[in-house]
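Comments concern the structure below.
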Amino acid sequence: MAFSFEDRSFVVVTSGMTRIFNQKFKKVFNQRPRMLPHDQVETMTGYRIGGVCPFALNDGVKVYLDYSLKKHDLLYPAAGDLNAAIRLSLDELEKYSRAAGWVDVEKEIAK
């Protein structure tokens, strides 16, 4: 998910079965979550909505990985297009995304 803060943008990669928990997000980033407006996603990240991947982003876009990812052996993040994904291990995702760090901002969706 792509967020903005002032003139910067950043991506938080979470498990597909979670959503952002506002209070946790604010505690981690010292701000309320503000998703990038639809018309700015491609300009800020380099990818269209639905295809924002956690690597090869525009300069200055940081990537954070949510702890919700750690319960999966394999991950399938978007790979630049609505119809593209890539299979990665957690270690590979951390390496290729050049993650700025791990965060806990998720709220698990009830099954």
Side-chain angles (χ1 to χ4, degrees):
M1 290 183 245
F3 296 92
S4 64
F5 179 65
E6 296 173 356
D7 61 345
R8 295 178 293 133
S9 59
F10 58 96
V11 172
V12 178
V13 183
T14 66
S15 169
M17 296 303 295
T18 63
R19 60 181 157 185
I20 298 300
F21 188 40
N22 291 346
Q23 290 145 327
K24 285 183 174 182
F25 188 98
K26 188 173 182 180
K27 186 176 180 181
V28 171
F29 293 107
N30 297 315
Q31 69 175 45
R32 292 183 57 162
R34 189 174 138 228
M35 300 282 293
L36 274 173
H38 291 171
D39 62 344
Q40 293 180 19
V41 171
E42 187 171 3
T43 303
M44 297 295 278
T45 68
Y47 298 102
R48 291 184 291 166
I49 292 174
V52 177
C53 65
F55 43 85
L57 293 155
N58 286 344
D59 289 340
V61 178
K62 289 186 177 182
V63 175
Y64 295 91
L65 304 176
D66 187 81
Y67 284 109
S68 62
L69 299 169
K70 290 195 175 205
K71 56 185 153 190
H72 304 285
D73 294 326
L74 292 174
L75 305 159
Y76 297 85
D81 187 78
L82 283 169
N83 299 310
I86 184 170
R87 184 177 75 173
L88 298 172
S89 69
L90 192 58
D91 289 339
E92 289 171 326
L93 176 64
E94 188 171 19
K95 176 183 174 182
Y96 298 135
S97 69
R98 298 181 181 155
W102 286 90
V103 295
D104 179 13
V105 295
E106 61 90 19
K107 178 178 183 177
E108 191 166 336
I109 300 172
K111 293 180 183 178

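Only heavy atoms go into these numbers, but all of them, side chains included; no hydrogens, no water, no symmetry mates. For reference, positions follow the sequence shown, starting with 1.
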Please find the pair of heavy atoms, one from [X] and one from [Y], that lie closest to each other, and give the distance.
| X | Y | answer |
| --- | --- | --- |
| Lys24 | Val105 | CB-CA, 3.8 Å |
| Pro54 | Val63 | O-CG2, 3.5 Å |
| Met44 | Val61 | O-CG2, 3.3 Å |
| Leu82 | Gly50 | CD2-CA, 3.5 Å |

Test your reading of the model: is there a side-chain donor-acceptor pair from [X] to the backbone of [Y], 3.5 Å cut-off?
| X | Y | answer |
| --- | --- | --- |
| Asp66 | Val12 | no |
| Ser89 | Glu92 | yes |
| Ser68 | Thr14 | no |

Each residue besides Tyr76 in its hydrophobic cluster should be listed here, by chain and number; the cluster joins Ile, Leu, Val, Met, Phe, Trp and Tyr at side-chain heavy-atom distances under 4.5 Å.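 Reading the cluster by chain and number, Tyr76 sits alongside Leu74.
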Does the side chain of [Y] come within less than 4.5 Å of [X]'s, by heavy atoms?
| X | Y | result |
| --- | --- | --- |
| Val52 | Leu57 | yes |
| Ile86 | Cys53 | no |
| Met35 | Phe3 | yes |
| Ser15 | His72 | yes |

Decide if atom [atom1] of [X] counts as having more than 12 heavy atoms of other residues, nucleotides or ligands within a radius under 6.0 Å.
| X | atom1 | value |
| --- | --- | --- |
| Lys70 | NZ | yes |
| Lys62 | NZ | no |
| Asp73 | CG | no |

Where do His38 and Ile49 land on the side chain to side chain contact (heavy atoms under 4.5 Å, CB included) test, with the steps shown first? CA-CA 7 Å; His38 291 171; Ile49 292 174; 3.4 Å; yes
Using the rule given for ring pair (Phe, Tyr, Trp, His ring centres under 6.0 Å), can you reason through Phe29 versus Phe10, listing the C-alpha separation, both sets of side-chain angles and the distance that settles it, and then say yes or no? CA-CA 11 Å; Phe29 293 107; Phe10 58 96; 4.8 Å; yes
Before giving the answer on side chain to side chain contact (heavy atoms under 4.5 Å, CB included), spell out for Lys26 and Val28 the whole-Å C-alpha distance, their side-chain angles and the decisive distance to 0.1 Å. CA-CA 5 Å; Lys26 188 173 182 180; Val28 171; over 6 Å; no
Quick one: do [X] and [Y] end up in the same hydrophobic cluster if we chain Ile, Leu, Val, Met, Phe, Trp and Tyr together by side-chain heavy atoms under 4.5 Å apart?
| X | Y | value |
| --- | --- | --- |
| Tyr96 | Leu75 | yes |
| Leu36 | Phe25 | no |
| Val13 | Ile20 | no |
| Val103 | Leu69 | no |

For side chain to side chain contact (heavy atoms under 4.5 Å, CB included), just list the numbers for Tyr47 and Val11, CA-CA rounded to whole Å, side-chain angles, deciding distance to a tenth of an Å, and then say yes or no. CA-CA 12 Å; Tyr47 298 102; Val11 172; over 6 Å; no
Contacts of type ring pair (Phe, Tyr, Trp, His ring centres under 6.0 Å), residue Tyr67, not counting sequence neighbours: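 Tyr67: ring pair (Phe, Tyr, Trp, His ring centres under 6.0 Å) contacts with Trp102.
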